[in-house]
Amino acid sequence: MKADRIIPILRIFDYQKTKEFYVDWLGFEIVWEHYFDENTPVYMEVKRENIIFHLSEHHGDGTPGTRVAVWGEGVPEYHKELIDKKYKYNRPGLEKTFYGAVSFTVIDPVGNQITFEEEYNEEKHKDLKFYSMD
């Protein structure tokens, strides 16, 4: 089997906080929202370039604290874009991982963790300042 795309479904609880995190801070756009009826939970799709997440308030559609890894290019630039927004609840450090990636992790209001990663390249990434616990 060859997959066309993989779309994680992440559990959410608070629509406004979710929108603040995914749209206002991470720069995703809401593609669509679905409600089965008035005063029912939302199920929605958000997208930034070719990254797509489904976000659901429905019980059983995922567990808070889920981790998702997103591999791509432009991770240091995206990190700078987010840090420059000075989001009150999240200021992730840029890391060089033991497995050869430039990486940072954001944590949404429910505790879901999204790690954005790019393969480390000595020439391309030599001037980056990495967060260190040392």
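Residues: numbered from 1 along the sequence shown.
Judged purely by distance below 3.5 Å, without hydrogens or angles, the side chains of Tyr120 and Glu122 pair a donor atom with an acceptor atom. Under 3.5 Å, the side chains of Glu20 and Tyr89 contain no donor-acceptor pair of N or O atoms. Using modelled atom types, one finds no donor on one side chain facing an acceptor on the other under 3.5 Å when comparing Glu49 with Tyr78.
Tyr87 is connected to Val75 through a chain of hydrophobic side-chain contacts under 4.5 Å among Ile, Leu, Val, Met, Phe, Trp and Tyr, so both are in one cluster.
You'll find the side chain of Phe116 reaches within 4.5 Å of the side chain of Val106, heavy atoms only.
Leu82 CG to Arg91 CZ: the interatomic distance, rounded to the nearest 0.5 Å, is 11.5 Å.
Among pairs with a residue in residues 34-43, those fulfilling side chain to side chain donor-acceptor pair (under 3.5 Å) read Tyr43-His54, at least two apart in sequence or across chains.
Side-chain atoms of Lys85 come within 3.5 Å of backbone atoms of Asp24 as a donor-acceptor pair (strictly under, hydrogens ignored). Looking at Arg11, its side chain does come within 3.5 Å of a backbone N or O of Glu57 through a donor-acceptor pair.
A salt bridge links Arg48 and Glu81; the closest N-O separation between the charged side-chain nitrogens and carboxylate oxygens is under 4.0 Å.
Taking each heavy atom of Thr105 and Asn90 in turn, the nearest pair found is O-OD1, 4.3 Å.
For Lys47, there are no salt bridge (Lys or Arg N to Asp or Glu O under 4.0 Å) partners, not counting sequence neighbours.
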For residues 58-65, which side-chain donor-acceptor pairs fall under 3.5 Å, sequence neighbours excluded?
| unit_1 | atom_1 | unit_2 | atom_2 | d |
| --- | --- | --- | --- | --- |
| His58 | NE2 | Pro41 | O | 3.4 |
| Asp61 | OD2 | Ser56 | OG | 2.8 |

